[in-house]
Amino acid sequence: MSQNKKESTEFAQVVAIDGPSGSGKSTIARDLAAALHVLYIDTGAMYRALGFFADQQKIELVEGEKLTNFLNSVKMDYGFSQTCLIRINGVDLTVKIREHNVSKLASIISQLPSVRKYLLDFQRALALNKVCVMEGRDIGTVVFPNSFCKFFITASVDIRAQRRLKQLKEGGDHSISLEQIKDDVRKRDETDMNRVVSPLKKSEDATLLDTTELGLNDIIKILSNEVKFRAAHLGFALGPNI
Ligand code: DC
């Protein structure tokens, strides 16, 4: 076995992108995947879908038998497409999961160990034998600690809140002020960073990127160069993988 091949089997062929909400990581992850011609996987969408669906089924967002039964009854499908991204038990939740109140439900449900375990297994199975860009909070630390290339994306609270406001307005939601969003962003960071299971934190071997002052094109250039460099070193073939 060649040295390259031996090395490559020790790494997951997953580009791990983590960071707080509004850091721009979703746009970055999606564009990076497109630039590399590989699949894009949005794990936040999965927490959103589970939070929304559990709430609809009147499942209390706490550990217990009801939650266990709920998770056993759920069949999640990830669609790899912006028009049909995620379904639970056949119901398409692609649009619903972007509503403002779903962010809160996702943040609460993502603190529950049994939910994290359910999605950990789902995410690992989904990425099996695929080259992909996977985005979330714990991809580089927990889901794929052996990822060959990890990035931690961040930006100032102000700029993250402004981006979120723009996103909401574009989606037709004009009900929330910038101050409210800033407050939500701070609270969500606090919860995400301090939860007991898989808190949001930078993996030691991840490259830190602050996007406050950087344009998207520059960011994609920087990241894709690094991914290509590492992939070439390990003998990984990048896309087309879609
Ligand atoms: O990235 P997002 O805003 O769509 O994520 C929604 C929520 O899900 C957020 O509160 C953090 C949580 N999340 C998580 O805990 N782990 C992930 N890998 C992805 C998201």
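Counting starts at 1 for both ligands and their atoms, following the listed order.
In summary, R164 and D184 do not engage in a salt bridge, as defined by a charged side-chain N under 4.0 Å from a carboxylate O.
Within 4.0 Å of ligand 1, protein heavy atoms come from K25, T43, G44, Y47, R48, A106, S107, S110, R116, G136, R137, D138, R188, D192, R195.
Hydrophobic cluster membership is shared by M76 and V91, with clusters built from Ile, Leu, Val, Met, Phe, Trp and Tyr side chains linked at under 4.5 angstrom.
Under the 3.5 Å distance criterion, with hydrogens and angles disregarded, no donor-acceptor pair is assigned to the side chains of D158 and S156.
E63 pairs by the side chain to side chain donor-acceptor pair (under 3.5 Å) definition with S114, not counting sequence neighbours.
Counting non-hydrogen atoms of neighbouring residues, nucleotides and ligands closer than 6.0 angstrom, the NZ atom of K104 reaches no more than 12 such neighbours.
Ring centers of F80 and Y40: at least 6.0 Å apart, outside the cut-off.
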